[in-house]
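Below, chains carry the letters A, B, ... as their sequence lines are ordered, and counting in each starts from 1.
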Number of protein chains: 2
Amino acid sequence: MRPSSAVADTSTRILDIAERLVQTRGFNAFSYANIAAALHVTTASLHYHFPTKGKLGERLIERYRTGFLAALDAIDATGADAVQKLRAYVGLYTDVLARNRMCLCGMLAADYETLPKPMRTELRRFFDANEVWLTRVLDTGRERDELTFAGSPVDAARVLVAALEGAMMLARSQGDPARLQSAADRMLAGLGVKPA
Amino acid sequence: MRPSSAVADTSTRILDIAERLVQTRGFNAFSYANIAAALHVTTASLHYHFPTKGKLGERLIERYRTGFLAALDAIDATGADAVQKLRAYVGLYTDVLARNRMCLCGMLAADYETLPKPMRTELRRFFDANEVWLTRVLDTGRERDELTFAGSPVDAARVLVAALEGAMMLARSQGDPARLQSAADRMLAGLGVKPA
DNA sequence: GTCTATAGGTGGATAGAC
DNA sequence: GTCTATCCACCTATAGAC
């Protein structure tokens with residue numbers, strides 16, 4: 001999920017910086033000039049790698065989704081039970097906030113109305129994939145009596161994502177990062193996960 | 001909560017238009033030119049009423065909070081029980097989305113890092129006041145056995161707000177407004193509110 | 001791949017006439 | 001209160017040299 005510490009190529013470094021800017025400021029509040037300054041190059045140089053801001057945005061979401069899904073695969077690979085998987089899933093969100101960032105796609109969801117169509121499509125893909133994974137974990141977990149909750153797994157998955165995204169935003173603006181973990185604990189409790 | 005249908009003075013009309021723009025596009029994606037065009041005046045004229053964009057933003061949040069708190073007072077005035085109050089509270093959010101808007105303060109929470117200090121202060125005030133009301137309803141409701149939930153009322157209030165704000169954003173970007181009500185129903189069920 | 005230079009547009013904001 | 005005119009900073013993007 002985090003950029004490699006090895007020296008990366010220019011495109012990657014551009015994406016790393018742009019990602020941080022979107023995660024903190026939003027898509028409409030950063031510029032090529034911001035990236036150029038951080039990278040000590042000119043804005044013309046950036047356009048060689050990403051012809052338009054929209055294209056840069058598309059690659060940003062695509063890469064974020066890939067990294068996120070890789071993290072979900074890694075959780076699956078541990079062979080943990082549903083409870084442990086959910087705790088690890090929540091950890092992906094708390095880790096982002098711990099680095100003083102918001103979820104890239106949560107930020108872009110707020111910017112949705114102003115995004116070019118291809119970015120909107122990429123954004124939907126992220127939340128769809130996220131939901132698919134979470135729904136499967138919830139469904140399987142309940143079948144195995146590791147989890148307890150009423151209603152459909154997909155609805156439970158959606159409200160969990162919503163609560164995490166919302167809590168992250170509110171935690172920042174209320175100046176209290178601990179509220180994210182607190183919200184997550186409550187949501188997990190509602191799924192039959194006992195306090196750690 | 002909605003602008004009066006009677007002819008309003010210029011300052012009010014400016015706020016009405018700016019409010020809609022922020023609720024759909026965010027604070028950094030609207031301009032004085034947008035408002036001027038909608039109002040058929042020049043941007044210079046707008047600066048007479050609101051000297052800076054930051055001051056306009058402050059008044060926007062202040063007015064939104066006042067309207068929101070008035071709506072909460074109206075809910076209290078009905079003398080309804082906690083269950084009915086919570087349903088009415090959720091209705092405030094679904095009404096906003098039904099008008100193709102986001103919560104003004106949810107949008108500004110995403111823009112938080114880029115906001116001038118006075119706007120940040122106003123924003124916190126909104127969520128604090130919101131939380132105080134909701135906490136009281138939850139606390140009283142549980143005392144009277146109208147609600148059932150574990151943990152502190154304030155934590156329950158916070159996660160409910162987070163879920164509603166998050167669900168509103170996701171409902172829009174996933175093109176499925178019904179997800180907000182669905183998320184709300186789930187959250188209320190977790191507070192011991194039986195399906196309507 | 002990165003640069004200089006620049007285009008063409010939009011941003012928030014102000015001075016001063018009416 | 002609203003206008004015209006204008007400032008200057010910033011924006012995304014391109015052309016063409018190196």
* Look at all strands and tell whether B/Phe50 reaches a base, only sugar-phosphate, or nothing, counting heavy atoms closer than 4.0 Å. => nothing

* When you check the side-chain N and O atoms of B/Thr12 and B/Asp9, is any donor under 3.5 Å from an acceptor? -> yes

* Between P of C/dG12 and CZ of B/Phe30, the distance in whole Å -> 7 Å

* N/O (side chain, B/Thr42) to phosphate O (OP1/OP2, D/dT2) under 4.0 Å -> no

* Could you tell me which non-hydrogen atom of B/Pro177 sits nearest to which non-hydrogen atom of B/Leu97, and how far apart they are? => O-CD2, 3.6 Å

* Could you pick out which residue, B/His40 or A/His47, lies toward the 5' side of DNA chain D when each is mapped onto its nearest nucleotide? => B/His40

* Quick one: label B/Thr43 by what it contacts on the DNA or RNA (base, sugar-phosphate, nothing), any heavy atom closer than 4.0 Å. => base

* Asked: Starting at CG of A/Leu56 and ending at C1' of D/dC11, how long is that distance when rounded to a whole Å?
  -> 15 Å

* **Electrostatic pair B/Glu122-B/Arg125, nearest N-O below 4.0 angstrom** => yes

* Asked: Given D/dG1, is OP1 or OP2 found less than 4.0 Å from the side-chain N or O atoms of B/Ser45?
  -> no

* Asked: In whole Å, what is the span from the NZ atom of B/Lys53 to the C1' atom of C/dT10?
  -> 12 Å

* To do: Scan side-chain atoms only and decide if A/Asp111 and A/Thr114 contain a donor-acceptor pair under the 3.5 Å cut-off.
  => no

* To do: Measure from CD1 on B/Ile35 to P on C/dT10 and round the result to the nearest Å.
  => 17 Å

* Quickly work out the B/Leu46 CG to C/dG11 C1' distance and round it to whole Å. => 14 Å

* Could you tell me the separation between the CZ atom of B/Phe27 and the P atom of C/dG11, rounded to a whole number of Å? => 14 Å

* If you measure only the distance, is there a donor-acceptor pair under 3.5 Å linking the side chains of B/Gln23 and B/Asn100? -> no

* Could you check which of C/dA5, D/dA13, D/dA5 has an atom nearest any side-chain atom of A/Ala44? => C/dA5

* Between C/dT10 (C1') and A/Asn28 (CG): distance, integer Å -> 13 Å

* Using heavy atoms and a sub-4.0 Å distance, could you list which residues of residues 112-119 of chain A are near DNA chain D? By number, please. => none

* Over how many whole Å does the gap from A/Tyr32 atom OH to C/dT2 atom C1' extend? -> 15 Å

* To do: Return no unless some side-chain N or O of A/Ser31 is found under 4.0 Å from OP1 or OP2 of D/dC11.
  => yes

* **Charged N-O contact under 4.0 Å between B/Asp81 and B/Arg144** => no

* Asked: If you measure from the Lys or Arg side-chain nitrogens to the Asp or Glu carboxylate oxygens, is any gap between B/Arg136 and B/Asp139 under 4.0 Å?
  -> no

* To do: Kindly say if B/Tyr48 contacts the phosphate of D/dT2, meaning a side-chain N or O under 4.0 Å from OP1 or OP2.
  => no

